[in-house]
Visitor: 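This is the structure I want to talk about, given as structure tokens.
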Amino acid sequence: MDDEIHIASIIVRHRPDAVASIDRLVAAMPGAEVATREAGRCIVLHEGEGTRDMLACIEAIQATRGVISASLVYHHAEARAALDDILQPAANEDDQR
Amino acid sequence: MTTRRDFIRASAVGAAASAASMAVPIRFAGAAAAQPPPEVKWSKAPCRFCGTGCGVQVAVQGNRVVATHGDPEAEVNRGLNCVKGYFLSKIMYGTDRLTTPLLRKKDGRYAKHGQFEPVSWDEAFDVMAAQFKRVLRTKGGAGIGMAGSGQWTVWEGYAANKLMKAGFRSNHIDPNARHCMASAVTGFMRTFGMDEPMGCYDDFEAADAFVLWGSNMAEMHPILWTRVTDRRLSHDHVKVAVLSTFEHRSFDLADIPIIFKPQTDLAILNYIANHIIQSGRVNEDFVGEHVRFKRGNDDIGYGLRPDHPLELAAAHAKDPTGSTDIDFEAFKAFVEPYTLEHVAALSGVEPGWLEHLAELYADPAVKVMSLWTMGFNQHTRGTWANNMVYNIHLLTGKIATPGNSPFSLTGQPSACGTAREVGTFAHRLPADLVVTDPEHRKHAESIWRLPPGLIVDKVGYHIVEQNRMLKDGQLNAYWVMANNNMQAAANLGNEGYPGYRNPENFIVVSDPYPTVTAQAADLILPTAMWVEKEGAYGNAERRTQFWHQLVKAPGQARSDLWQLMEFSKRFTTEECWPAELLDAHPEYRDKTLFDVLYRNGKVDRFAPDQVEAGYANDEAAAFGFYVQKGLFEEYAEFGAATATTSRRSTPTMRRAASAGRWWTARKRAGATTKAPIRT
């Protein structure tokens with residue numbers, strides 16, 4: 001299980017004027033993207049090779065001026081080799097919503 | 001087509017969106033609807049890292065935790081997790097995880113100065129029991145000690161407490177929670193006569209003001225800080241005051257930022273009391289009905305060895321919690337010198353900020369939550385700081401109603417649930433009972449079905465004293481569980497390390513990893529952790545949360561609970577209890593400690609098939625009964641027995657039994673405010 005990819009989502013709460021600096025930070029960080037946003041908050045999705053990447057990402061967000069909190073929500077570690085496996089579509093997609 | 005990567009990314013975004021009540025963006029919605037991988041099973045557990053007590057969902061695949069996310073249905077964290085939670089799926093899988101007992105040996109035998117070698121559990125317990133019996137023969141239980149922790153599960157702490165206090169007849173058991181919570185507990189006991197906060201996390205959404213007294217919640221309790229943040233940013237009238245001796249991340253949200261000179265927080269608290277009185281905002285009805293005034297002893301020393309010059313010079317070193325009755329007028333006169341000008345000069349804080357702060361408490365329309373952690377609890381005068389924050393809440397009656405809440409936050413996941421409520425302290429028994437009270441001992445002995453007079457009536461060595469007594473050769477057989485005290489305790493060079501390496505002593509450390517404490521031991525026992533066993537933790541708001549065993553521990557690692565109970569089989573009552581006691585109660589003869597403590601007709605009364613289907617339970621399998629349930633139900637009797645026991649002697653028992661648990665303090669008569677003491 002050593003060759004793992006870590007996928008995590010982070011809720012960022014920030015002052016309204018921090019949007020541009022968060023975008024600049026995320027653009028400069030490989031594996032990170034802003035998945036969605038509303039006024040004063042956004043969700044950052046991060047994919048990286050392990051603990052260091054992931055913590056560096058959260059710390060960099062927290063250190064950004066105007067950021068009030070960065071909370072990890074979901075974290076999954078998966079063998080790199082298994083990531084491109086195809087999953088079956090759900091029998092009835094409505095059931096999954 | 002959806003790949004596993006797409007699915008995981010969509011799940012991550014979905015969980016975050018749900019926690020933040022945001023819409024899932026359309027580009028992730030398709031993948032999220034794919035069939036989840038069938039080999040992954042999700043279960044609930046509380047986070048193991050801090051006292052907040054967040055609920056998490058844990059995904060297990062092939063006996064391995066592969067994913068975690070904040071549980072959206074958990075009332076504490078509502079789907080969020082903090083960076084500590086990130087380590088939940090990593091903490092069990094370090095490459096240096098201990099998987100076999102390790103004993104210091106030379107030429108094939110135990111030797112204090114030998115090197116660690118892998119041994120079987122049988123050999124480990126044989127050597128350990130021989131060493132404990134050596135000490136029992138010469139000193140009895142007085143030579144045996146245990147250091148526990150607020151990371152023990154409820155039943156591990158309970159089983160350890162019984163093994164030490166009833167089995168070995170030693171009160172030298174104390175948790176590392178002493179280091180962090182002693183001031184908080186003593187503050188509660190002196191002021192209210194009972195331990196633990198009267199408020200709960202729901203206060204966050206009801207408060208109009210938050211005051212951080214020496215707590216950096218933004219970094220240390222991030223999930224609770226999120227609730228403060230949400231309240232502040234969504235309600236314009238809400239104010240946040242942050243007090244510290246240095247600027248930290250919580251100041252980002254501060255409306256009232258206060259950097260004060262060390263120790264002058266005590267003067268600031270007296271100033272606030274004075275401001276409340278001078279501006280005529282004392283809640284006289286509340287004070288008249290509920291508050292008694294006392295002046296605590298000052299010049300109390302520093303908790304050093306009794307022969308230290310600083311202790312010899314201190315007038316009240318022997319009675320640091322002593323006090324004398326005074327009245328409101330005397331209290332008023334006491335705080336009168338603490339004027340705005342005087343305290344501003346003492347503290348170095350702008351008078352304007354101090355006035356704003358005092359008004360948060362004085363204004364009857366503002367509901368205030370005071371929050372603190374080690375800024376108070378590891379203060380040189382920590383108990384006073386705790387007493388003094390209660391002073392200002394009691395003067396204004398701002399206590400134990402929604403949003404009005406002096407709140408001592410805890411650091412460990414079960415500092416409240418295990419260390420404090422189970423009473424794994426040198427002076428305590430479960431449910432705030434104490435070893436020094438004959439009625440309390442009798443009550444515990446009766447619930448435990450043990451002979452009267454078994455529990456020793458003297459307070460044992462607390463965790464700091466334990467290191468001193470190891471060094472002095474008074475304590476000779478010592479078991480450390482679920483803490484890293486060589487790293488954490490003060491005075492490593494003078495007392496901790498010399499104590500562990502004293503040739504007279506045998507030191508056992510149970511841990512999942514080779515900590516510095518483990519490396520200083522003579523025997524290391526590999527421990528199962530978190531979801532490798534069934535558990536229960538009690539968080540800072542006294543919420544007790546349970547979890548199932550989800551995976552197997554690696555190699556030979558076994559839970560602390562298994563270790564305590566299995567080890568107890570190696571001792572007979574004759575080896576541990578005085579002959580007179582057994583002469584008077586011969587029915588306890590020819591039994592092991594395991595028989596009298598755990599196979600007592602109560603702890604062993606639930607069959608293993610009562611474990612929830614679909615979950616393993618290694619302890620139930622090993623002992624043939626549902627150990628955790630039996631221990632918990634016996635423990636619960638300390639709460640159920642309240643109807644027959646006086647209120648004065650068993651406050652926590654009453655509280656545990658009362659349905660309206662959160663808001664009980666308001667109705668209690670005789671709450672006490674301590675007159676603060678000169679800084």
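Proteins get letters first, then strands, A, B, ... in listed order; numbering begins at 1 in each. When reading the values below, keep in mind they use all heavy atoms of this one structure, side chains included, and skip hydrogens, waters and symmetry mates.
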Visitor: Let me know if A:H6 has heavy atoms under 4.5 Å from chain B in its side chain, its backbone, both or neither.
Guide: side chain

Visitor: What part of B:A17 is in contact with chain A, defined as an atom under 4.5 angstrom from a non-hydrogen atom: side chain, backbone, both or neither?
Guide: both

Visitor: B:D252, B:L80, B:L88: which one forms the most heavy-atom pairs within less than 4.5 Å of chain A?
Guide: B:L80

Visitor: Working to the nearest 0.5 angstrom, can you tell me the gap between B:T2 OG1 and B:R9 CZ?
Guide: 13.0 Å

Visitor: Any salt bridge between B:D203 and B:R227, counting N to O under 4.0 Å?
Guide: no

Visitor: Counting only non-hydrogen atoms closer than 4.5 Å, does B:F28 touch chain A with its backbone (N, CA, C, O), its side chain (CB onward), both, or neither?
Guide: side chain

Visitor: Is any NZ, NE, NH1 or NH2 atom of the basic residue among A:R13 and B:D230 found under 4.0 Å from an Asp or Glu carboxylate oxygen of the other?
Guide: yes

Visitor: Does any heavy atom of chain B fall under 4.5 Å from the side chain of A:R65, the backbone, both, or neither of them?
Guide: neither

Visitor: Please report the closest heavy-atom contact between B:C200 and B:M369, naming both atoms and the distance.
Guide: O-CE, 4.2 Å

Visitor: Check whether B:L233 gets within reach of chain A through its side chain, its backbone, both or neither, counting any heavy atom under 4.5 Å.
Guide: side chain

Visitor: Examine whether an atom of B:T229 lies under 4.5 Å from a heavy atom of chain A, and if so say whether it belongs to the side chain, the backbone or both; otherwise answer neither.
Guide: side chain

Visitor: So which part of A:L45 gets closer than 4.5 Å to some heavy atom of chain B, the side chain, the backbone, both or neither?
Guide: side chain

Visitor: Can you name the closest pair of heavy atoms from A:T36 and B:P25 and give their distance?
Guide: CB-CG, 3.6 Å

Visitor: Salt bridge check, A:E59 against B:R249: does any charged N sit closer than 4.0 Å to a carboxylate O?
Guide: no

Visitor: Between A:M54, A:H75, A:R15, which residue shows the highest count of heavy-atom pairs closer than 4.5 Å to chain B?
Guide: A:H75

Visitor: Tell me, side chain or backbone of B:A218 under 4.5 Å from chain A's heavy atoms, or both, or neither?
Guide: neither

Visitor: Do we see a donor-acceptor contact under 3.5 Å between the side chains of B:S250 and B:N216?
Guide: yes

Visitor: Answer yes or no for B:R48 and B:Y537: cation-pi contact, defined as NZ/CZ to six-membered ring centre under 6.0 Å and angle to ring axis within 45°.
Guide: no

Visitor: Relative to chain B, which of A:A8, A:S9, A:A70, A:G66 shows the most heavy atom pairs under 4.5 Å?
Guide: A:S9

Visitor: Name the member of B:H69, B:R27, B:R5 that forms the most heavy-atom pairs with chain A at distances under 4.5 Å.
Guide: B:R5

Visitor: Heavy-atom distances under 4.5 Å only: say whether A:V44 touches chain B with side chain, backbone, both or neither.
Guide: neither

Visitor: Hey, is B:D255 close enough to B:K239 for a salt bridge, meaning N to O under 4.0 Å?
Guide: no

